[in-house]
Every structure is written in C-alpha cells, then in structure tokens.
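Working notes, beginning with the structure itself.
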Amino acid sequence: MRHVYFPPLSKLMPEDRKSPEARQQMTEIERVRHSCAHVLATAILRIWPAAQFAAGPPVENGFYYDLELDHHISPPDFEQIEAEMRKVIKENQPFDRIVVSRNEAFELAKEGRLGALGPRAVPSKFKLDILRGIPEDEEISLYRNGDFTDLCAGPHVLRTGNIGAFKLTSIASAYYKGDSNNPQLQRVYGTAFKTRTELEQYFQQREEAKKRDHRKLGRELELFHIDDEVGLGLVLWKPKGAIIRKELQAFISEELRKQGYSEVFTPHIGKLALFRTSGHYPYYRESQFPPLIEPDTLARLAEEDCSCAELSNRLKGGEIDGYLLKPMNCPMHIKIYSSTPHSYRDLPIRLAEFGTVYRWEQSGELGGMTRVRGFTQDDAHIFCTEDQVATELQGCLELVLKVLGTLGMSSYRVRIGLRDTDSAKYVGTSAQWHRAEEALRETVKSIAIPCTEERGEAAFYGPKIDFVVKDVIGREWQLGTVQVDYNLPERFGLSYIAADNSPRRPVMIHRAPFGSLERFCGVLIEHFAGNFPLWLAPEQARVLPISARHEEYGRSILKLLLDRQIRATIDESSDKIGAKIRLAQLEKVPYMLVLGAREEQTGEIAVRSRKNGDEGAFSAPEFVERIQMEVKERQRD
RNA sequence: GCCGGCAUAGCUCAGCUGGUAGAGCAGCUGAUUUGUAAUCAGCAGGUCAUCGGUUCGAACCCGAUUGCCGGCUCCA
C-alpha cells in the first residue's frame with residue numbers, strides 16, 4: 001500500500017491554506033501540542049518576562065514557539081522551563097477564547113500584553129505585525145490561560161491539565177516569517193502526547209531511527225566516506241558502496257534499454273558561453289563553483305591588476321570567457337541533439353547519462369549523502385513533438401514508479417512544482433509555462449497519483465513532478481523528478497523538420513527516476529536500515545567453516561559461488577562459529593553458509609539467512625539456483 | 001551564508017571544582033579448532049580538532065579557525 005503524507009502548509013498553494021473553519025478541525029493531538037506551546041510561552045515569561053513571542057504552531061511530532069530574548073536559551077535551561085511548565089499544567093488553567101475588535105487587539109499589542117503575562121513597557125512587536133496581516137473580514141481571537149494572553153486562532157484543549165506528557169527537545173534559530181531579511185529568533189522545540197507511555201514510545205522510536213541514519217550506517221558498513229581534505233559535500237564511494245551504486249545503475253540501464261533510450265557520455269566542464277545560452281550563468285552563479293579561467297587570460301588579468309569584483313563583472317558581462325563545472329547535464333545533451341538535423345520521424349530522441357554535476361550548496365546545508373556538492377544524476381532528456389509529450393511523460397512516471405516499486409519504497413508523496421509568479425528567477429514566457437503546467441497536470445491525472453501543487457518548487461526552465469520521501473529524522477528529500485521544458489529548446493534554437501517540411505520546435509522533458517545516486521543511496525540505506533536485498537548487498541554470502549579442518553571444503557564452496565557471479569567471502573579467522581555468525585550478522589550479510597564435518601560429508605551447505613536464521617541444509621546447486629533467482633528477480637526480503 | 005550546541009584512540013564513550021589521559025570494541029601477536037549473535041592472554045594505539053591567550057601548571061578557563069550535529073534560509 002502506498003502511504004501518502006502531507007506537505008508543509010507553507011508550500012501549498014493559497015487555495016489549500018487552512019481557513020479559520022478548517023483550523024477548528026485540528027486533531028486532538030495537535031490541540032494538545034498547540035496548547036503546550038502556550039504553556040511553554042507562559043513558563044518562559046515567568047522566568048524571562050521580557051521575551052517577545054512570534055508564532056507557536058503544532059508541527060509533525062510536536063510543536064515550537066519562536067521568541068526573541070537576550071538570554072540565549074540552551075538545553076541546560078530546559079529543566080527549569082519544564083519545571084515551570086509542569087506547574088502551569090498542574091494549575092489546570094482553563095483556555096478561554098476571547099473575541100476582540102481589531103482596535104482592542106492593537107491596543108493590547110501596543111501595551112505589550114499579547115504573548116505576555118500582563119502589560120509591559122515594550123509593545124508586543126511580532127504580534128502587532130501578525131495583526132496587521134490578518135484580513136479585515138476575519139475574526140480576531142485571543143486565548144487566555146491564567147495570566148497569559150496570546151493572539152491566537154486556536155483551537156486549544158479545555159484546560160492546561162489536559163496536556164498529558166511533554167518534553168522540550170531542542171533549540172534552534174529561525175528567521176521571523178522564514179525570511180532571511182528578518183531578525184533571527186530562538187525556536188524552542190518540544191513534543192507532547194496525551195499519555196506518558198506515548199511520549200516514551202516516541203523517544204524510543206527516535207532512538208531506533210537514529211540507528212538507521214545513513215551517515216552512521218554508511219560508516220559502519222563501509223559504504224562511503226566524506227573527507228575534510230577532499231572537500232565538503234564530496235562523496236567518496238568505498239568498494240562496498242560502489243557495488244550498490246553499480247547495481248542501481250545496471251537496474252536503471254536495463255529499464256532504459258526497454259524504453260528506447262540511448263546512453264551518452266559528456267564532459268564535466270563546458271564553456272561559460274554554453275551556460276550563458278542555457279541561462280545557468282549568470283542567473284544561478286551563486287549556486288555554482290566559480291568559473292575556471294584559461295591560464296593566458298588569467299595572466300593577462302593579473303598584469304592589468306584586475307580585482308576580483310572586476311573579474312566577476314567581466315565574466316558576467318561576457319567580456320571574458322572561461323569554463324564551468326557543469327551544474328546540469330541538459331546543455332550538453334542539447335548540443336548532441338542539435339549536432340545533426342532531425343526529422344519528426346526521428347522523434348522522440350531520448351538521451352540518457354549518469355552525469356555528474358557540481359553545485360555550490362551553502363555550507364550549513366551539507367550533510368551525509370543527501371545534500372552534497374557533487375552528485376551523479378540518472379539523467380535523461382527527451383526531445384519530442386508537442387503531440388508526444390503526454391505519452392513520454394507517462395513513460396517517465398511509470399519508470400519512476402517502477403523504480404520505487406522494485407525497491408519497496410512506498411512512503412512518498414508527489415508534488416507538482418510550479419513557479420512562484422512573483423519571482424524573477426524563471427526563464428520563458430507565461431504561455432510556455434502554462435502549456436507545460438497543463439501537460440503535467442494531465443499526465444498525473446491520467447495515472448491517478450494523488451499529488452499536491454506547490455508554488456516556488458519549479459525548475460528555473462519549467463514546472464516539474466517530484467517524488468519526495470522522508471529520511472529517518474523526518475526531513476523531506478526530492479528524489480525522482482520529471483520536468484517539461486519549452487524554454488531551453490527556444491534558447492538553443494532547437495528544431496526538427498515536420499511532416500509538412502516546415503521547421504518546428506521540439507519540446508524537452510528532463511527526468512531522473514533516482515534524482516541523484518548519492519541522495520537516493522542515502523535514503524535507500526535508511527529505507528533498508530542497511531539490510532540491502534540480495535541483488536544490492538555488497539557481500540551476498542559468507543562461507544563460515546566451523547574449524548580450520550573445514551576450510552578447504554569452504555574454499556571449494558567459495559570458488560563455486562564466485563564462479564557463479566555471487567559476491568562471497570570466507571571467514572578463516574580462528575573464532576568460534578558463534579562469533580563468526582555474529583560478525584556476519586552485524587555486517588548484514590544476507591546469507592551465512594555454515595560448513596562443518598556434516599556438510600563436508602554430504603557435500604551440502606547449511607544455510608543461515610540474515611532474516612530467518614538457520615534454514616537447514618541445501619545441496620550446492622540448489623542454493624546457487626535459489627539465490628541466483630532471488631538476484632535476477634530483484635526480490636526484497 | 002545565519003543562529004545555537006558539540007569536538008578525548010579507527011568506533012562508542014569515561015576523565016570531580018585546572019595538577020600534562022582511561023575503558024570496552026575494532027587492530028596486531030600468540031594460544032585455542034570450535035555447530036548457529038562475542039574463546040583466552042599479551043601488545044600496540046592519543047601534540048585531548050587546530051592556532052593563540054590566561055595560569056607556576058590547561059583535555060578542562062577565554063578568543064579565533066576548521067569540522068560535525070540540529071534548525072533557518074537556499075536548493076536547477
């Protein structure tokens with residue numbers, strides 16, 4: 001069963017935003033958490049009366065409250081705050097809803113009484129600002145518990161005593177209203193449940209989740225390494241990780257052949273001019289590695305005493321040229337397309353490449369394999385006629401679904417990323433965007449995938465359909481993506497000859513079922529908790545001789561497996577069998593082959609699986625056939 | 001990039017209010033030859049992230065830098 005979850009409210013289209021009526025439908029647990037945020041504010045004000053509060057909503061798994069305060073709240077403060085919160089809960093204060101006029105609300109805010117225990121010398125500045133943003137026709141309500149009054153649409157539980165169990169979890173910073181031009185506030189995170197048992201369960205689950213963090217498993221299972229000296233966000237795939245990556249690539253390549261793609265290879269760098277044409281440079285210059293300048297040009301500039309700012313300007317203005325580490329593969333594929341004339345009979349042309357691209361991501365955002373500066377996309381670009389767009393889009397979506405299905409990844413959501421019409425960072429005309437958006441909507445409708453439309457999530461050249469999954473900490477990552485593009489064909493002047501012998505503009509589709517191999521692999525490690533299905537497992541079987549006397553027989557079995565292309569090793573340490581099994585189990589090897597006197601005599605193999613333990617004796621051919629089948633069908637366990 | 005926290009052996013962590021480092025696992029050596037999640041013993045391993053400061057004396061206090069973690073912003 002597919003499990004659909006919902007996107008953050010902030011990204012949804014305006015028509016999906018919660019109306020005051022919809023807010024009343026907040027679930028019980030959300031009310032508990034929202035109420036707990038008010039209790040948090042009450043407690044903080046009792047300790048630091050000057051705190052200025054902004055917003056304090058319930059979120060998935062908990063709640064937070066943003067506040068401004070000279071004192072930097074840190075985890076050691078939690079104990080004191082929690083003790084005060086417990087008092088507020090014990091006081092069992094009723095939550096009273098008070099409807100006020102706009103004027104009354106403004107007066108209270110000016111007296112510093114909103115998000116406060118009483119009048120203060122300083123106005124409640126954030127509340128004042130929030131008030132200004134409330135539509136004229138909307139009712140303004142306050143909620144009061146004890147001395148604490150807050151501007152709040154509600155709803156709440158009846159009394160503070162209804163909050164069963166809570167805990168503050170972390171402190172972070174956040175820009176007011178999520179805008180980096182606004183002041184940074186302190187955000188105190190917490191969680192609350194109806195009962196203590198549920199709270200404890202939640203923390204237990206979180207502990208479990210941490211164990212499958214791909215950064216931890218990646219190190220323990222020796223899959224990848226990120227080295228300071230190599231550079232931030234640059235992944236080194238170790239031998240075992242490389243096997244997984246190669247198997248994934250082989251899987252995709254197989255599907256691509258079935259769907260009529262052609263594989264190509266293109267270089268990692270290209271002239272700046274190419275990316276000027278595509279629009280990547282200079283519009284996305286701040287998210288790319290700086291251009292590489294030819295040695296002669298550099299020498300000349302040095303003689304001229306050219307400053308960095310000047311250099312940047314001249315690069316931008318096109319006065320001097322250079323090379324760019326490619327941030328995307330599309331311009332290269334476009335050049336392959338345009339290198340020969342095309343007839344409508346040739347289309348669609350589907351060019352695929354595992355292309356490595358480089359992007360200058362902000363340092364604070366880098367981490368593990370999910371956010372990196374160099375990554376390999378399972379990229380492809382389809383050049384087709386307007387009439388073929390729908391069919392091609394459908395093929396792309398089917399490919400993504402096939403990939404996710406094979407790996408058993410069922411917990412994802414689908415979003416249509418639209419441009420933010422207020423932003424200037426997109427290329428192309430409104431008409432082009434409109435056509436592309438309609439094409440995507442139609443396709444999604446035709447295969448009946450539930451999805452949400454979100455503003456500001458488009459690529460700069462066109463809207464897209466993204467498959468978004470969550471990692472173990474609950475963060476969302478975009479994996480597979482399918483994008484329609486009327487813009488780049490225009491910018492590069494692409495054409496094909498139509499049936500009536502007139503030149504026509506092809507449409508481009510960009511798509512990547514994995515997104516990037518790095519990110520996908522990171523998510524996959526967590527999805528399987530390191531227990532990769534046989535076809536992906538770096539080590540598929542390990543031969544475990546019971547004693548040195550059986551090593552020779554063990555080696556003969558090992559040779560048999562290796563000859564059959566099964567990734568196997570033998571454990572010839574002097575450990576007892578229990579220890580060898582434990583080690584193999586911890587290293588998550590799918591099959592352990594225990595070989596002793598009995599097996600040597602009968603010529604059999606005692607099979608122990610990672611999942612089910614001892615499975616009894618098999619003949620060697622029987623076992624080989626079984627696991628070859630398991631690999632071939634890409635079975636999951 | 002911004003805010004906050006953290007940084008001790010390959011890994012997981014001890015190290016009281018300042019007196020210049022310790023364990024388990026992994027590694028190496030030897031003994032052991034073992035029947036489904038840990039055989040025993042010995043050895044080795046650290047400029048306590050880096051640099052600077054305070055101090056008679058710094059893993060511990062202060063500052064800067066780097067990296068990691070959690071958020072925010074950004075994300076073609």
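Residue numbering restarts at 1 for every chain, and letters A, B, ... go by the order of the sequence lines.
Counting heavy atoms from C-beta outward, A:Gln483 and A:Ile509 have side chains that stay 4.5 Å or more apart.
Separating the CZ atom of A:Arg206 from the C1' atom of B:rG70 is a distance of 10 Å, rounded to the nearest angstrom. For the pair A:Glu587 CD and B:rC11 C1', the computed distance is 13 Å after rounding to whole Å. The nearest whole Å value for the distance from the CZ atom in A:Arg219 to the C1' atom in B:rA26 is 13 Å. Rounded to a whole Å, the CG atom of A:Asp66 is 16 Å from the P atom of B:rC3. Between the OH atom of A:Tyr358 and the C1' atom of B:rC75 there is a distance of 18 Å, rounded to whole Å. Rounded to whole Å, atom P of B:rC68 lies 14 Å from atom CD of A:Glu229. One interatomic measurement links the two molecules: CG of A:Asp70 to P of B:rG4, which rounds to 13 Å at whole-angstrom precision. Atoms CZ (A:Phe78) and P (B:rG5) sit 12 Å apart, rounded to a whole Å.
Looking at A:Glu457 and A:Arg415, a side-chain N of the basic residue comes within less than 4.0 Å of a carboxylate O on the acidic one, giving a salt bridge. Residues A:Glu572 and A:Arg555 are paired through a salt bridge, judged by an N-O separation under 4.0 Å between the basic side chain and the carboxylate. Taking 4.0 Å as the cut-off between side-chain N and carboxylate O, A:Lys125 and A:Glu68 count as a salt-bridged pair.
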Counting Watson-Crick and G-U wobble pairs with both distances under 3.5 Å, what is the dot-bracket string for RNA chain B, 5' to 3', using [ ] for crossing pairs and | for pairs to another strand? (((((((..((((.....[..)))).(((((.......))))).....(((((..]....))))))))))))....

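Side-chain N/O atoms of A:His510 and A:Asp485 include a donor and acceptor closer than 3.5 Å. Side-chain atoms of A:Thr191 and A:Asn61 include no donor-acceptor pair closer than 3.5 Å. With hydrogens and angles left out, the side-chain atoms of A:Tyr461 and A:Arg419 include no donor and acceptor closer than 3.5 Å. Side-chain polar atoms of A:Lys464 and A:Gln478 form a donor-acceptor pair below 3.5 angstrom. A side-chain donor-acceptor contact under 3.5 Å links A:Glu539 and A:Thr569.
Annotation: B:rG1 and B:rU65 have their P atoms spaced 11 Å apart (nearest Å). Nucleotides B:rG63 and B:rU54, compared at atom C1', are 11 Å apart to the nearest Å. With both ends at atom C1', the span from B:rG53 to B:rG18 equals 15 Å, rounded to whole Å. Of the P atoms belonging to B:rG4 and B:rA23, the separation is 38 Å, rounded to the nearest Å. Atom P of B:rG22 sits at a distance of 14 Å from the matching atom of B:rG46, rounded to the whole Å. Distance check on atom C1': B:rG42 versus B:rA37 gives 26 Å, rounded to whole Å. Comparing B:rG35 with B:rC48, their C1' atoms are spaced 45 Å from each other, to the whole Å. Of the P atoms belonging to B:rA64 and B:rG70, the separation is 24 Å, rounded to the nearest Å.
Toward the 5' end of RNA chain B, the nearer of the two residues A:Ala459 and A:His72, judged by each one's closest nucleotide, is A:His72. The nearest heavy atom of RNA chain B to A:Gly367 and to A:Ser363 marks one nucleotide each, and the one closer to the 5' end goes with A:Ser363.
When each of A:Arg626, A:Gln540, A:Arg608, A:Arg542 is checked for a side-chain hydrogen bond (donor to acceptor under 3.5 Å, both in side chains) with A:Tyr591, only A:Arg626 meets the rule.
Scored by the side chain to side chain donor-acceptor pair (under 3.5 Å) test, A:Ser173 finds A:Gln184 as partners (sequence neighbours excluded). Annotation: side chain to side chain donor-acceptor pair (under 3.5 Å) contacts of A:Tyr176 (sequence neighbours excluded): A:Asp129. Judged as a salt bridge (charged side-chain N to carboxylate O under 4.0 Å, His left out), and not counting sequence neighbours, the contacts of A:Asp66 are A:Arg187.
Backbone-only contact: A:Arg215 has heavy atoms under 4.0 Å from sugar-phosphate atoms and none from a base. When heavy atoms are screened at a 4.0 angstrom cut-off, A:Glu222 is found touching no nucleic acid atom at all.
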Nucleotide-resolved protein contact map, nucleotides 30-40 of chain B, B/S/- at heavy-atom distance under 4.0 Å: -BBBBBBBBB-

Polar atom pairs (N or O), protein with nucleotides 71-74 of chain B, under 3.5 Å:
residue, atom, partner, partner atom, Å
B:rG71, OP2, A:Arg475, NH1, 3.3
B:rG71, O3', A:Tyr189, OH, 3.4
B:rG71, O2', A:Ser173, O, 3.4
B:rG71, N2, A:Ser173, OG, 2.8
B:rC72, O4', A:Ser173, O, 3.0
B:rC72, O2', A:Tyr175, N, 3.0
B:rC72, N4, A:Glu365, OE1, 3.4
B:rU73, O2', A:Ser180, OG, 3.4
B:rU73, O2, A:Gln362, NE2, 3.2
B:rU73, O4, A:Glu365, OE1, 2.0
B:rC74, O2, A:Arg371, NH2, 3.2
B:rC74, N3, A:Arg371, NH1, 3.4

